[in-house]
Protein chains: 2
Amino acid sequence: MAEQGMKTAGKGAGRRTPLTREAILEAALHLCSPEGGGSLTFAKLGKELGADPTAVYRHFRDKDELVLALTDLLIAEAVELASGPNQARGHWRETLTDMSMAIRKVHLARPALAVLCAVRTTASPTETESVERIIGLLHSAGLPVIEAAECYRMLLDLTLAFVQVSATWMMLDPQAQAKDDAAWAVKYGLLPADRFPLLHQSSARLTELFRDDDAVFGLVLETFLDGVARRVARAQDER
Amino acid sequence: MAEQGMKTAGKGAGRRTPLTREAILEAALHLCSPEGGGSLTFAKLGKELGADPTAVYRHFRDKDELVLALTDLLIAEAVELASGPNQARGHWRETLTDMSMAIRKVHLARPALAVLCAVRTTASPTETESVERIIGLLHSAGLPVIEAAECYRMLLDLTLAFVQVSATWMMLDPQAQAKDDAAWAVKYGLLPADRFPLLHQSSARLTELFRDDDAVFGLVLETFLDGVARRVARAQDER
DNA sequence: ACCTGAACACCGTTCAAGT
DNA sequence: ACCTGAACACCGTTCAAGT
């Protein structure tokens with residue numbers, strides 16, 4: 001990430017209007033995106049707002065309060081994105097996939113925030129309604145309510161866990177990233193075919209998947225949902 | 001984490017023997033465990049070794065080199081732990097479960113390290129042999145080699161992703177943890193049964209699972225492996 | 001009532017000086 | 001050859017002083 005100042009937002013040099021919560025949140029959200037600089041610090045936030053860095057403390061008690069407020073915005077964005085095209089009634093599998101992908105997309109557009117909020121919980125009411133709907137969908141598919149809730153929970157955690165890893169990787173400094181890439185090349189690149197025949201055979205595919213986090217997550221999601229499908233089938237047999 | 005100095009290891013006050021790579025690694029590993037203080041900084045490492053904090057730079061180029069060396073130790077420990085009781089020949093499902101659980105256990109015993117290394121790759125030869133063996137097991141079960149390699153990759157990423165989340169949560173400062181707990185209680189505790197009938201019905205189970213990361217991961221692993229089993233069954237049908 | 005700016009504790013890292 | 005200690009850049013945060 002470049003050490004340059006950026007005046008992309010509609011503010012900057014001649015700030016005179018007093019700071020507002022909304023202006024701070026907007027600026028912070030922008031800083032968390034790669035285009036906005038890709039990291040969230042009080043110094044950068046102050047520069048972006050054209051104010052003293054510590055001025056933010058007048059509106060948020062500490063950085064954690066700021067992060068939690070940003071988290072609510074992110075969740076709202078994800079819920080909106082997921083409930084866009086396919087309305088209330090789709091197949092449960094599509095709906096779960098859409099939800100998961102929406103959460104992933106919204107987070108990975110702001111890695112610097114994702115890394116701070118993917119393990120957190122906020123009590124946003126927007127989300128609650130969406131959860132009720134999804135549990136309902138799984139229940140309609142044949143799963144007992146408790147099991148439907150479990151599946152929802154698993155999928156949410158699965159999605160956020162992979163988000164956390166991808167975002168952490170994105171936030172890693174380029175030197176460390178390069179070292180990892182090199183290690184990977186050594187590891188699966190030049191394996192003696194006689195000692196590691198199977199790895200040798202599959203090394204092309206493994207290399208393909210190496211830094212394609214989206215592809216790996218896609219595969220994991222499919223496999224996991226196959227497992228959920230088996231639960232659904234089992235529940236239907238028992239009735 | 002207490003701000004106290006600790007002289008738990010067999011060193012401390014009167015160091016005279018010169019620093020070695022091994023002594024540094026041992027001390028660092030200890031610092032990363034909850035009993036050892038739970039965080040890895042040069043200041044603490046220096047105190048633990050009874051040396052100036054910057055003395056470590058004579059043996060590791062920077063913190064990242066130290067972390068990567070520690071990662072290799074962790075991987076070796078996991079491989080050893082996993083290949084303990086059940087020898088080469090077990091059912092593939094048990095073997096995969098053992099491997100996953102061993103990786104999880106070894107990492108979560110040092111959250112401060114896990115948080116730094118769960119997304120990293122090192123080229124440790126110890127690991128490579130274990131991977132070849134596991135792909136072989138899945139291949140014997142009926143999966144084509146490429147697909148066996150994919151399943152291995154998915155499971156490893158799945159395991160490390162959940163490790164990363166659990167470790168990040170453990171490293172969160174207690175105040176933030178308390179806020180999350182409170183948010184959760186608000187969210188699923190007092191939901192109006194008329195507006196959220198399904199969530200209301202399952203709130204007991206959801207609360208039960210809330211901070212029980214091990215339980216959630218156990219469920220996810222089972223469901224994921226059900227998905228892998230389906231792949232295996234499908235592959236056998238095609239022959 | 002809100003903002004500024006100096007100050008502090010805590011990170012990783014560098015480098016000249018010690019033995 | 002290895003270690004020490006002062007110094008620096010960069011974090012979040014506090015607080016007295018400004019308007």
Side-chain angles (χ1 to χ4, degrees), chain A residues 1-5 11-24 27-28 31-32 37-70 112-113 115-117 120 171-176 179, chain B residues 1-5 11-24 27-28 31-32 37-70 112-113 115-117 120 171-176 179:
Chain A
M1 314 292 163
E3 292 294 292
Q4 307 293 46
K11 41 215 63 124
R15 149 166 306 283
R16 266 308 69 202
T17 57
L19 245 38
T20 63
R21 242 181 103 90
E22 284 69 33
I24 294 172
L31 282 178
C32 291
S39 70
L40 181 64
T41 70
F42 279 89
K44 291 189 182 176
L45 193 49
K47 190 182 280 181
E48 178 85 6
L49 290 165
D52 191 273
T54 63
V56 177
Y57 282 95
R58 238 54 53 192
H59 299 86
F60 295 92
R61 196 154 57 81
D62 54 22
K63 190 176 180 179
D64 198 55
E65 289 297 335
L66 178 59
V67 167
L68 292 181
L70 292 169
L113 176 58
V115 119
L116 298 173
C117 79
R120 307 302 297 278
M171 295 298 291
L172 218 58
D173 83 301
Q175 270 198 26
K179 260 193 285 185
Chain B
M1 314 292 163
E3 294 294 291
Q4 306 294 45
K11 42 215 61 127
R15 150 166 306 281
R16 266 308 68 203
T17 58
L19 245 38
T20 63
R21 243 182 101 89
E22 284 68 34
I24 294 172
L31 282 179
C32 292
S39 69
L40 181 63
T41 69
F42 280 89
K44 290 188 183 176
L45 192 48
K47 190 181 281 182
E48 178 85 7
L49 290 164
D52 191 273
T54 63
V56 177
Y57 282 95
R58 238 53 55 191
H59 300 87
F60 296 92
R61 196 155 56 80
D62 54 21
K63 190 175 180 180
D64 197 56
E65 289 297 334
L66 179 58
V67 168
L68 292 180
L70 292 169
L113 176 58
V115 120
L116 297 173
C117 79
R120 306 302 297 277
M171 294 299 291
L172 216 60
D173 83 302
Q175 270 197 25
K179 260 193 285 185

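We name chains A, B, ... by the order of the sequence lines, and we start the count at 1 in each one. Keep in mind that this is a model prediction, so the values were computed, not measured.
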Ranking A:R61 and B:H59 by the position along DNA chain D of their nearest nucleotide, the one closer to 5' is B:H59
Take the protein atom NZ of B:K47 and the nucleotide atom P of C:dC10, then report the distance between them rounded to whole Å.
10 Å
Can you check the A:L45 CG to D:dT13 C1' distance for me, whole Å?
15 Å
Inter-residue atom distance A:F42.CZ - A:D52.CG, 0.5 Å rounding
11.5 Å
How close or far is atom P of D:dC11 from atom CG of A:D64, stated in whole angstroms?
18 Å
B:F60 CZ to C:dT13 C1': how many Å, rounded?
16 Å
Which nucleotide in the list D:dT13, D:dC3, C:dT4 gets nearest to the side chain of B:R58?
D:dC3
Classify the nucleic acid contact of B:L40 as base, sugar-phosphate or nothing, counting any heavy atom under 4.0 Å across all strands shown.
sugar-phosphate
Checking D:dC3, C:dT13, D:dT13 against the side chain of A:K63 (C-beta onward), the nearest is D:dT13
Quick note, B:L19 side chain, CB onward, closest among D:dT4, D:dC3, C:dC3 is D:dC3
Pick the nucleotide of DNA chain D nearest each of A:D62 and B:A55; which residue has the one closer to the 5' end?
B:A55
Integer-rounded Å distance: D:dT13 P and A:L66 CG:
10 Å
What integer distance in Å separates B:D173:CG from D:dT13:P?
9 Å
In whole Å, what is the span from the CD atom of B:E65 to the C1' atom of C:dG12?
15 Å
Quick one: closest heavy-atom pair of A:D62 and B:K179, and the distance?
OD1-NZ, 4.4 Å
Nucleotide opposite C:dG18 in a Watson-Crick or G-U pair, distances under 3.5 Å:
D:dC2
Can you say whether a donor on the side chain of A:T54 sits under 3.5 Å from an acceptor on the base of C:dG5, or the other way round?
yes
Stepwise side-chain contact (heavy atoms from CB on, under 4.5 Å) check, A:D173 with B:D64:
CA-CA 10 Å; A:D173 83 301; B:D64 197 56; 5.8 Å; no
Run B:L70 and B:L116 through side-chain contact (heavy atoms from CB on, under 4.5 Å) and show every step you take.
CA-CA 10 Å; B:L70 292 169; B:L116 297 173; over 6 Å; no
If pairing means Watson-Crick or G-U wobble with both distances under 3.5 Å, then the partner of C:dT13 is D:dA7
Presence of B:Y57 side-chain N/O under 4.0 Å of C:dT14 phosphate oxygens OP1/OP2:
no
Here the pair of heavy atoms bringing B:S39 nearest to B:A112 is CA-CB, 3.8 Å
Just the rounded figure in Å: distance from C1' of D:dT4 to CG of B:L49.
15 Å
